[in-house]
Undergrad: 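For reference, the structure I am asking about is given below.
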Amino acid sequence: MNYPTIYALADCNHFYVSCERAFNPSLENKPVAVLSNNDGCVVALSPELKRLGVTRGTPWFKIKHLIKEHDIKIFSSNYTLYADMSFRVMTILERFTPDLELYSIDEAFLNFSGLNEPDFNRYGSTIRSVVRKYTGIPVSVGIAPTKTLAKLANRIAKKNGSGVFCIDNEQVRRKVLQRTGVDHIWGIGSRYAAKLRKRGIDNALQLSLVDDDKIARDMTIVGVRMVNELRGIPCSEESCSRLQDSDDIAWKKKASSFNTSYRDEPRKSIVSSKSFGRPVSKYRELQEALYCYCDTALKKLRDQGSVAKRITVYLTTNPFRNEPQYANYREAVLPGYSAYPPDFTEPAVKMLKSIYRKGFRYKKIGVMINDIILQEEAPIDIFDTAYIDDQRSDIMDCVDKINSRWGKGTVHFAGLGIKRRWEMRRQHLSPKYTTSWKELLVVKA
DNA sequence: TCTGGGGTCCTAGGACCC
DNA sequence: TCTGGGGTCCTAGGACCC
């Protein structure tokens, strides 16, 4: 392969469905759907269900009538199971490259640049069969000189049935671009796609021939990077740094004029919110949920070793219902950086009280944590002890340790409540096969 | 007829992803 | 009865400062 950089994108096929199938073989060859939180809409579906004309995002009550007729199997999202299966898949992928970048729960980029491998098609097939053998999950592998092209290659790999596709020369690259409609390019959503089609740009090849200035005007620098990736010029940050040790001047020059950030850095904002399983009107229950979401968000904050200073609270009624609507939010800035729940819940409750209006049926409440920095970067404040130096962080270390040893929620702050009548609906949940002793798969002798 | 210019910080909003 | 949740990045425009 004659490119200075080479990436593979390994993407699990209909991942959530595959996780369910891995423990329940009777689901093979059947139409299967996995639903979003609250069993709201379809987020993952098997090819058999796709063939019935169902698409991702369809509200599930709209396909309910098909269930009996076609024997559709329905599952609520079982994130505990999916996260654990994801971990297993990623651990195996790590064997095939010194440089693995997790991109989402079901896909990862493998950097193959500089790898001494004569046959990438064969290498891709090996990856597929090893992952399948050890986890039961089918993956597709797309290989190309840039991440954006690897995405396109992956799409072809999924379609052509072999599960592997490699863009390894200019002729193939052009052919692929020509056959890819603009709405199937990574980074182009429905808005941009419509705009481009209006201008007579229908496929990726046409787009790759438009000059940078025009692209920049419509799609900002983000679009320019994406189009260059289509041309085979890598524009992601580590691709750029990798190019520095390469000799290819032309690529280096081009790539250095862009830079983007795909990385494993701490989050810059953390959101915790969920729709309620049923409408909630009572202030008391909203407050209980608020405490709970604060708790989740701050746990994430501590897990990444960060502290934060800003919290937003918002609530809203259900816009799909024909009834009085209300939505509002408030934001508070803390006196200092912290990761201690009471520092956040106190202003959060005040804000909730100020935006709460009686008489509405609320659908959703949420918190957002912003202004996040690493603990060690927190400025020293002469009027206030830093979170990291005082008892608050010791308390939280202790709480986090107990909960990770004895299970989530073993110790918690009093506001969380115990009734949880607002909790989400999950009527079709499968067992936590791999993470709970009580729910292990039982094999009959 | 004329109204300084440039830097920085903040926020809202628009686009995208899985 | 019933329409997900959690993220990212970029830009424009206003406020403020010197």
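Letters A, B, ... are given to chains in the order of the sequence lines, protein chains preceding strands, and every chain is numbered from 1.
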Undergrad: How do A:Val222 and A:Asp39 order along DNA chain C: which one's closest nucleotide is nearer the 5' end?
TA: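 Mapping each residue to its closest nucleotide by heavy atoms, the 5'-most match is A:Asp39.
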Undergrad: With a non-hydrogen cut-off below 4.0 angstrom, is A:Ile63 in contact with a base, only sugar-phosphate, or nothing?
TA: nothing
Undergrad: Filter on side chain to side chain donor-acceptor pair (under 3.5 Å), then keep only pairs touching residues 347-358 of chain A, sequence neighbours left out; what's left?
TA: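 Only A:Arg330-A:Ser354 qualify under side chain to side chain donor-acceptor pair (under 3.5 Å).
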Undergrad: Quick test of your reading: applying salt bridge (Lys or Arg N to Asp or Glu O under 4.0 Å), list the pairs with at least one residue in residues 51-74 of chain A, sequence neighbours left out, ordered by first then second residue.
TA: A:Asp71-A:Lys73
Undergrad: Would you indicate what A:Asp106 reaches in the nucleic acid, counting non-hydrogen atoms under 4.0 angstrom: base, sugar-phosphate, or nothing?
TA: sugar-phosphate
Undergrad: Quick check on DNA chain C: between A:Lys64 and A:Thr220, whose nearest nucleotide comes earlier from the 5' end?
TA: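 Result: A:Lys64.
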Undergrad: What stems involve DNA chain B, if each pair must be Watson-Crick or G-U and both of its distances must be under 3.5 Å, with 3 or more such pairs in a row?
TA: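 Listed by first number, the stems are B:5-18 with C:5-18.
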Undergrad: If you look at every strand shown and take non-hydrogen atoms under 4.0 Å, does A:Ser86 touch a base, only sugar-phosphate, or nothing?
TA: nothing
Undergrad: Mind checking A:Ser269 for me? I need base, sugar-phosphate or nothing, with any heavy atom below 4.0 Å counting as a touch.
TA: sugar-phosphate
Undergrad: Categorize A:Ser272 for me: base, sugar-phosphate, or nothing, with a 4.0 angstrom heavy-atom threshold over every strand shown.
TA: sugar-phosphate
Undergrad: Chain A on DNA chain B: first and last contacting nucleotide, 5' to 3', under 4.0 Å to a heavy atom?
TA: B:dT11 to B:dC18
Undergrad: Considering every strand and a 4.0 Å limit on heavy-atom distances, what is the contact class for A:Lys195: base, sugar-phosphate, or nothing?
TA: nothing
Undergrad: Using the salt bridge (Lys or Arg N to Asp or Glu O under 4.0 Å) rule, collect all pairs that involve residues 359-372 of chain A, keeping only residues at least two apart or in two chains.
TA: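 Sorted pair list: A:Arg310-A:Asp371, A:Glu323-A:Arg361.
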Undergrad: Within the structure shown, what part of the strands sits under 4.0 Å from A:Tyr329 by heavy-atom distance: base, sugar-phosphate, or nothing?
TA: sugar-phosphate
Undergrad: Is a side-chain N or O of A:Glu229 found less than 3.5 angstrom from the main chain of A:Cys235, in a donor-acceptor match?
TA: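 Yes; at least one donor-acceptor contact below 3.5 Å.
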Undergrad: Applying a 4.0 Å non-hydrogen cut-off, can you work out what A:Arg310 is touching in the nucleic acid: base, sugar-phosphate, or nothing?
TA: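 The answer is sugar-phosphate, as A:Arg310 gets under 4.0 Å only of primed atoms, P, OP1 or OP2.
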Undergrad: Thinking salt bridges, do A:Lys432 and A:Asp84 make one under a 4.0 Å N-O criterion?
TA: no
Undergrad: Using the C1' atom as the reference point in each nucleotide, state the distance between C:dC16 and B:dG4 in Å, no decimals.
TA: 15 Å
Undergrad: Using a strict 4.0 Å threshold on nitrogen-to-oxygen distance, state whether A:Asp212 and A:Arg225 make a salt bridge.
TA: no
Undergrad: Reckon A:Leu35 touches a base, only the sugar-phosphate, or nothing at all at heavy-atom distances under 4.0 Å?
TA: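 Counting heavy atoms under 4.0 Å across all strands, no contact is made by A:Leu35.
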Undergrad: Against the six-membered ring of A:Tyr82, is A:Arg88 placed for a cation-pi contact (under 6.0 Å from the centre, within 45° of the normal)?
TA: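 Not satisfied by the 6.0 Å and 45° rule.
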Undergrad: Kindly indicate whether the side chain of A:Leu152, heavy atoms from C-beta on, has any atom under 4.5 Å from the side chain of A:Leu177.
TA: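 With C-beta onward as the side chain, the pair touches.
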Undergrad: Could you note down all residue pairs passing salt bridge (Lys or Arg N to Asp or Glu O under 4.0 Å) where residues 154-167 of chain A supplies at least one of them, sequence neighbours left out?
TA: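 Of all non-adjacent pairs touching residues 154-167 of chain A, those that pass salt bridge (Lys or Arg N to Asp or Glu O under 4.0 Å) are A:Asp11-A:Lys158.
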Undergrad: NA contact type, A:Ile188, heavy-atom cut-off 4.0 Å: base, sugar-phosphate, or nothing?
TA: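 Result for A:Ile188 = sugar-phosphate.
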